[in-house]
Amino acid sequence: MKFYFVTVDTNYIAPMPMGWYGKIDRKSWREKKSYQMPKYLMFQTEEHIQMVFTDIVVFPCFMVSKLVRDVIGLYNPAMKFVRIILYDKLRKRSMAYYMPFMRTIEFMKISDESKYGEDNIFLEYEKVTDEVMFEVVNKGKTHIVMRMDLLESILRRGAIGLGIKEVQII
C-alpha cells in the first residue's frame, strides 16, 4: 500500500487561528490525553482577503473539516477528535475543524543523505502496515501521512486544499 504526505496545497491560503499558543501547540497537545482536552475551542482567524476554509489545516496543528473527519471515522472508528471552531470576523463566517489524536512514528535515518536528499523521509514497512493515518517528526517538523485508500476516499468526496507527496517505504 502506498502512503502520502498531506499538506495544504500551495494554491490555497488556509485559515490561521489567532491566540492559539499554549492552547493547541504541539507540546501541550502531546502531554494531554483526549479526555483532558476541552470539548471544543474557538479562535478568530487572521484577516486575509484570499483565505479559504480548506478541508485540512496543518499549522499550528493538524486539523480536518467535518467531511474529512467522517471519512477518517470510516477507516479508524476509534480515533478521538477535539473540535475547534475558526471564525473569520471579516466575512462573518465560521467553520468547525477537528484535531485528531494520531500515533507518532519514527522515520528511518539514511546514512547517505547526499544521495537521497535531506527532505526525503523513509518509513519502515513493519511500522506502518496497520496505520491509516499518523504523524512523522523529522528535525522539528511534523508531517502527516495518510494511506492511499483513505486519501482517495477524501478526494472523491470533493475535498479542497489538499496537497500530496508520496512517501518512500522501505
Side-chain angles (χ1 to χ4, degrees), residues 1-17 20-21 23-34 37 41 43 45 51-84 86 95-109 116-170:
M1 183 67 65
K2 291 184 179 182
F3 290 86
Y4 293 89
F5 289 127
V6 179
T7 60
V8 176
D9 189 356
T10 56
N11 294 327
Y12 293 92
I13 297 175
M16 170 67 98
W20 59 268
Y21 190 77
K23 296 176 184 164
I24 58 172
D25 58 351
R26 295 187 201 299
K27 184 179 178 190
S28 63
W29 177 247
R30 286 198 178 101
E31 291 173 356
K32 294 182 180 180
K33 304 287 184 202
S34 63
M37 294 295 286
L41 297 167
F43 298 100
T45 60
M51 191 266 300
V52 174
F53 283 109
T54 56
D55 283 307
I56 64 163
V57 175
V58 293
F59 185 82
C61 61
F62 184 70
M63 297 183 274
V64 298
S65 67
K66 183 179 182 327
L67 178 135
V68 176
R69 184 203 62 175
D70 292 344
V71 175
I72 292 170
L74 295 173
Y75 287 85
N76 187 357
M79 187 169 285
K80 304 272 188 226
F81 294 90
V82 172
R83 185 175 180 201
I84 297 177
L86 298 182
M95 185 166 174
Y97 284 93
Y98 301 88
M99 241 182 343
F101 280 89
M102 295 178 285
R103 185 172 157 215
T104 302
I105 294 183
E106 296 285 324
F107 73 99
M108 185 175 177
K109 294 186 180 192
Y116 296 104
E118 279 187 27
D119 293 338
N120 287 339
I121 296 175
F122 295 87
L123 299 173
E124 295 179 49
Y125 181 75
E126 292 80 28
K127 289 184 180 180
V128 300
T129 52
D130 297 335
E131 297 297 323
V132 175
M133 184 173 90
F134 53 90
E135 65 181 355
V136 177
V137 178
N138 177 25
K139 298 179 184 176
K141 294 181 183 176
T142 302
H143 303 281
I144 305 302
V145 179
M146 287 186 184
R147 203 168 63 193
M148 184 174 68
D149 55 347
L150 170 64
L151 192 57
E152 283 180 347
S153 295
I154 293 169
L155 292 172
R156 286 185 184 182
R157 286 170 172 79
I160 60 166
L162 271 75
I164 58 173
K165 179 184 174 190
E166 189 170 353
V167 176
Q168 298 180 20
I169 305 292
I170 295 178

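Remember, it's a predicted structure, so these values are computed and weren't measured experimentally.
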Problem - From CD1 (Ile164) to CG (Leu155), nearest 0.5 Å - result: 6.0 Å

Practice task
Run the numbers on Phe53 and Ile160 for side chain to side chain contact (heavy atoms under 4.5 Å, CB included), then give the verdict.
Solution key: CA-CA 9 Å; Phe53 283 109; Ile160 60 166; over 6 Å; no

Exercise for the section: Give the ring-plane orientation class for Tyr98 versus Phe81, where under 30° counts as parallel, over 60° as perpendicular and anything between as tilted. Expected result: perpendicular

Practice task
Using a 4.5 Å cut-off on heavy atoms from C-beta on, say whether the side chain of Leu151 contacts that of Phe3.
Solution key: no

Practice task
Check whether any side-chain heavy atom of Met16 lies under 4.5 Å from a side-chain heavy atom of Thr45, and answer yes or no.
Solution key: no

Handout entry: Met99 versus Cys61, closest heavy-atom pair with distance
Key = SD-SG, 2.9 Å

Problem - Side chains of Leu86 and Met95 in contact at under 4.5 Å (non-hydrogen atoms) - result: no

Handout entry: Gap separating the CD atom of Glu135 from the NE2 atom of His143, nearest 0.5 angstrom
Key = 11.0 Å

Exercise for the section: Determine the minimum heavy-atom distance between Val6 and Val58, stating which atoms define it. Expected result: O-CG1, 4.2 Å

Problem - Straight-line distance of Arg103 CZ to Met79 CE, nearest 0.5 Å - result: 11.0 Å

Handout entry: 4.5 Å side-chain heavy-atom contact, Val71 and Glu152
Key = no

Problem - Exercise: identify the closest heavy-atom pair between Ser65 and Tyr97 - result: N-CD2, 3.8 Å

Handout entry: Nearest heavy atoms of Leu67 and Ala159, plus distance in Å
Key = CD2-CB, 4.0 Å

Problem - Ile72 side chain reached by Val132 side chain, heavy atoms, under 4.5 Å - result: no

Fill in the blank from the handout: One should read off an interatomic distance between Phe5 CZ and Glu166 CD, to the nearest 0.5 angstrom, of 10.5 Å

Completion exercise
One should read off an interatomic distance between Tyr4 OH and Lys165 NZ, to the nearest 0.5 angstrom, of 13.0 Å

Practice task
Kindly say whether Asp149 contributes a backbone atom to a donor-acceptor pair with the side chain of Tyr75 at under 3.5 angstrom?
Solution key: yes

Handout entry: Heavy-atom pair of closest approach, residues Met63 and Ile84
Key = SD-CD1, 3.5 Å

Problem - Working for side chain to side chain contact (heavy atoms under 4.5 Å, CB included), residues Met102 and Ile144 - result: CA-CA 9 Å; Met102 295 178 285; Ile144 305 302; 3.4 Å; yes

Completion exercise
To the nearest 0.5 Å, atom CD1 of Ile56 lies from atom CG of Asp9 at 9.0 Å

Problem - Note, Thr54 side chain near Pro15 side chain (heavy atom, < 4.5 Å) - result: yes

Exercise for the section: Answer whether the closest heavy-atom distance between the side chains of Thr142 and Phe62 falls below 4.5 Å. Expected result: no

Practice task
For residues Ile154 and Met146, determine if any side-chain heavy atom of one lies less than 4.5 Å from a side-chain heavy atom of the other.
Solution key: yes

